[in-house]
Amino acid sequence: MYPMTKATAMTASAKRKDHPLSMRLPEGDIAIIDRAADLRGRSRTDFVREAAVRAAEEVLMESTLVRMSAEGFESFIQAVSAPAAPVPEMVASLRRRAPWEKATAKR
């Protein structure tokens, strides 16, 4: 492995394109964010960044135009219009009693 020189250190840091983002939030908002971040084992910055990116992706997905051929659209419509098929694992799960239900209760 090659030793890191000042030139390679500068090149490595020059490739990183982080952009600072600053905002002012009420103390109550910070407390909620910190509590949630702690529950996820994340820093406040990581938690807020992830939540903001996820929200931005949702907005972009909602406004993204999906194009397809007439044949593709027809196939899509047929697929979503077809009767749903039961999923055996889900049926079995719904038939089991919940842990908090009494053993004598029947479905």
Query raised in the report: What is the distance from atom CZ of Arg44 to atom CG of Asp34, rounded to the nearest 0.5 Å?
Result: 4.0 Å

Query raised in the report: In Å and rounded to the nearest 0.5 Å, what is the CE to CG distance from Met23 to Asp29?
Result: 10.5 Å

Query raised in the report: Just wondering, do Leu21 and Val48 contact through their side chains at under 4.5 Å, heavy atoms?
Result: no

Requested in this report: Show the numbers, then the answer: is there a side-chain contact (heavy atoms from CB on, under 4.5 Å) between Arg49 and Arg42?
Outcome: CA-CA 11 Å; Arg49 182 196 55 77; Arg42 313 284 304 269; 4.1 Å; yes

Query - Sidechain-backbone polar pair: Glu62 side chain, Val59 backbone, donor-acceptor under 3.5 Å - result: no

Report summary line: Rounding to 0.5 Å, atoms CD (Glu57) and OG1 (Thr64) come to a distance of 11.0 Å

Query raised in the report: When Ile, Leu, Val, Met, Phe, Trp and Tyr are grouped by side-chain heavy atoms lying under 4.5 Å apart, directly or through other members, which residues fall in the same group as Ile77?
Result: Val66, Met68, Phe73, Phe76, Val80

Query raised in the report: Should Phe47 and Ile30 be counted in the same cluster of Ile, Leu, Val, Met, Phe, Trp and Tyr side chains packed under 4.5 Å apart?
Result: yes

Query raised in the report: Do NZ/NE/NH1/NH2 and the carboxylate oxygens of Arg54 and Glu58 come within less than 4.0 Å?
Result: no

Requested in this report: Answer yes or no: are there more than 12 heavy-atom neighbours, outside Gln78 itself, under 6.0 Å from its atom CD?
Outcome: yes

Report summary line: Hits for side-chain hydrogen bond (donor to acceptor under 3.5 Å, both in side chains) against Arg35, two or more places apart or cross-chain, chain-then-number order -> none

Requested in this report: Measure the CG-CD1 distance between Asp38 and Ile33 for me, rounded to the nearest 0.5 Å.
Outcome: 12.0 Å

Query raised in the report: Of the non-hydrogen atoms in Ser43 and Ala37, which two are nearest, and what is the gap between them?
Result: O-CB, 3.9 Å

